Chemist: 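Pasting in a structure now, in structure tokens, and then I'll have a few things to ask.
This one's a predicted model, so the numbers in the text were calculated from it and none came from an experiment. A, B, ... follow the sequence lines: proteins, then strands. Residue 1 opens every chain.
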There are 2 protein chains.
Amino acid sequence: MTRKSDPLEKLKALPHVFVTDGEPIRSNWREAFPQAQLGYTRATSCEASVVWVLLPYTGDITPLIRRWQRMVGDAPVVALSDEPRDEEGMVALRAGVSGYCNGYASPAVLQQVAETVLQGGVWLGQSLLQKLVATTAQNLPKPAVAPLDWTLSLTEREVIVARAVASGASNKEIADQLNITERTVKAHLTAAFEKLRVRDRLQLTLLVNGITELKAPS
Amino acid sequence: MTRKSDPLEKLKALPHVFVTDGEPIRSNWREAFPQAQLGYTRATSCEASVVWVLLPYTGDITPLIRRWQRMVGDAPVVALSDEPRDEEGMVALRAGVSGYCNGYASPAVLQQVAETVLQGGVWLGQSLLQKLVATTAQNLPKPAVAPLDWTLSLTEREVIVARAVASGASNKEIADQLNITERTVKAHLTAAFEKLRVRDRLQLTLLVNGITELKAPS
DNA sequence: AAAACCATTGTACTAAGGTACAACCCGGGA
DNA sequence: TCCCGGGTTGTACCTTAGTACAATGGTTTT
């Protein structure tokens, strides 16, 4: 291992995953990212460079976005909308997306959005941002101390299992999905419980989903 | 893709102009844009692809930004700060900049920022945006489709127990807290599972915490 | 008053989650 | 080479969660 493993490089090597409601990959997406893949709705974990979620016309988009965020861990999630509206963009932003753009955006724009979000930036259209700024007076509370990253103390495998649990999967389901024994799943979980100082899968879930905080710096 | 007379192409052909307080062009700027030029403070008009304004440490930055916006017309203005702070970023945004980033950002990042703003986007760091979204959350319209309220189909007692479960409590703990039997807690939970169509306490937790959605309108 | 709903509890019983105490394989570093 | 950590699995056991099939008493609706 000569060079330090750059997380960005590793992320970039992964494919772009597009999440749709049954629709195949669009030509503009394919053109921007020849390696584009469709997201599998039932998966509980996913390796991706960037996850592009095509927003459905109706319904609450927050759970959809959150779900994929949990699945991919630190890969950025970008919301695609065929009818971009500022209100929808706000909801998406509040859900934590790293970008919000038109589902029919040109390949060039898509690539640029990808570049931006992969570097930790956020991509927005002008209109949305104007609204954002306009409605924000001068109050800037909430220093928002960066929440401790629970993944730090866990091994790769433990993180995967923890994410699956936190999305509601049973040990058996996780075992099947990862092609390992239920016993192994339990082993990973026991290790995770210990490291994160929680007593069971439910408290682990709260932690993974950011509802509770990591306590002692293990 | 051959494009016609695109205003974007014309804009891109112009040099990048850096506005400083007497400082020469920095190496990272030059590296990112070999054609980089310094902006003259006294000028009244300027042709530029992107105007990068290095913010002075003190004083009101709004007039400075506005001035250059007027000078360049439709070219985007990006604020550079050697000590980026969210408060300063907010001020810059309110002044109408298309981006706000570190004055010592790497050439790669600068180029990417340029790409973004040239396409009409806005480039921000994660932290600033989070703050923006957080403070704007209350003032903007709620999600178009109000998420179904899971409490509607439950009795008062079931809601209480469900909330307790969703915060990580065990049946025994809930029983003690409510001064009832563990058996009763189970009864309420079983009823809640049935009504909300979930199979166990973990999925109930996801529902209560808004991570998943209520499916069938029971 | 009867029906319907709610909160409560009991006795099983089954299923799932979690722990204890291991073992094996593999790759990398002292 | 030996040791160590990560991933894997086994057996046994205990605890917790959840279900089946009840019952009781209270309140509200019909």
Chemist: Are B/R26 and B/D82 close enough for a salt bridge, meaning some N to O gap below 4.0 Å?
Modeler: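 Result for this pair is yes, salt bridge flagged.
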Chemist: How many whole angstroms separate atom CD of A/E158 from atom P of D/dG6?
Modeler: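 Going from CD in A/E158 over to P in D/dG6 covers 7 Å.
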Chemist: Look at the side chain of A/R70 and the backbone N and O of A/R163, then say whether any donor-acceptor pair between them is shorter than 3.5 Å.
Modeler: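 Between the backbone of A/R163 and the side chain of A/R70 there is no qualifying donor-acceptor contact (under 3.5 Å).
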Chemist: For A/I174 and D/dT8, give me the distance from atom CD1 to atom P, rounded to whole Å.
Modeler: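 Value for this atom pair: 13 Å.
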Chemist: For C/dA7 and B/T155 - does any side-chain N or O of the residue sit under 4.0 Å from the phosphate oxygens OP1/OP2?
Modeler: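 Yes, B/T155 has a side-chain N/O under 4.0 Å of OP1/OP2 on C/dA7.
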Chemist: Quick one: sort the A/W52 and A/F33 rings into parallel, tilted or perpendicular, breaks at 30° and 60°.
Modeler: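 Rings of A/W52 and A/F33: tilted, 30 to 60°.
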Chemist: Write down the distance between CD (B/Q203) and P (C/dA16), rounded to a whole number of angstrom.
Modeler: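 Distance check: B/Q203 CD to C/dA16 P gives 13 Å.
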Chemist: Under the 3.5 angstrom rule, does the side chain of A/Q35 hit a backbone N or O of A/P15 as a donor-acceptor pair?
Modeler: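 No, because the side chain of A/Q35 does not come within donor-acceptor range (under 3.5 Å) of the backbone of A/P15.
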Chemist: Write down the distance between CG (A/L204) and P (C/dG17), rounded to a whole number of angstrom.
Modeler: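 My rounded result for the distance is 13 Å.
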Chemist: Return the value, rounded to whole Å, for the distance between atom CG of A/L154 and atom P of D/dG7.
Modeler: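 Result: 10 Å.
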Chemist: Say whether, by atom type as modelled, one donor and one acceptor occur between the side chain of A/Q69 and the main chain of A/A95 under 3.5 angstrom.
Modeler: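 Such a contact is found between A/Q69 side chain and A/A95 backbone.
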Chemist: Within the structure shown, what part of the strands sits under 4.0 Å from A/T181 by heavy-atom distance: base, sugar-phosphate, or nothing?
Modeler: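 Here A/T181 touches the backbone only, sparing every base.
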Chemist: Sugar-phosphate atoms are those with a prime plus P, OP1 and OP2; base atoms are the rest. Using that split, label each nucleotide of nucleotides 16-30 of chain D B, S or - for protein heavy atoms under 4.0 Å, 5' to 3'.
Modeler: -BBBBB---------
Chemist: Can you list, pair by pair, the side-chain donor-acceptor contacts under 3.5 Å of residues 177-186 of chain B, counting residues two or more places apart and other chains?
Modeler:
none

Chemist: Please determine if a side-chain N or O atom of B/H188 lies less than 4.0 Å away from the OP1 or OP2 oxygen of C/dT8.
Modeler: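 Answer is yes, contact under 4.0 Å.
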Chemist: Taking only side-chain nitrogens and oxygens of A/T184, does any of them come within less than 4.0 Å of OP1 or OP2 of D/dT9?
Modeler: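 Looking at the OP1 and OP2 atoms of D/dT9, one of them is under 4.0 Å from a side-chain N or O of A/T184.
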Chemist: List the steps and the verdict of side chain to side chain donor-acceptor pair (under 3.5 Å) for A/N209 and A/R66.
Modeler: CA-CA 9 Å; A/N209 287 322; A/R66 290 266 162 78; over 6 Å; no
Chemist: Indicate yes or no for a side-chain donor-acceptor contact from A/D200 to the backbone of A/Q203 under 3.5 Å, with no hydrogens or angles considered.
Modeler: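 Yes; at least one donor-acceptor contact below 3.5 Å.
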Chemist: Donor-acceptor check, side chain of A/W29 to backbone of A/G103, threshold 3.5 angstrom: yes or no?
Modeler: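 Between the backbone of A/G103 and the side chain of A/W29 there is a qualifying donor-acceptor contact (under 3.5 Å).
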Chemist: Quantified as the angle between the terminal helix axes (five pairs each), what is the overall bend of the helix from C/dA1-D/dT30 to C/dA30-D/dT1 to 10 degrees?
Modeler: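 That helix has its two terminal axes inclined by roughly 30°.
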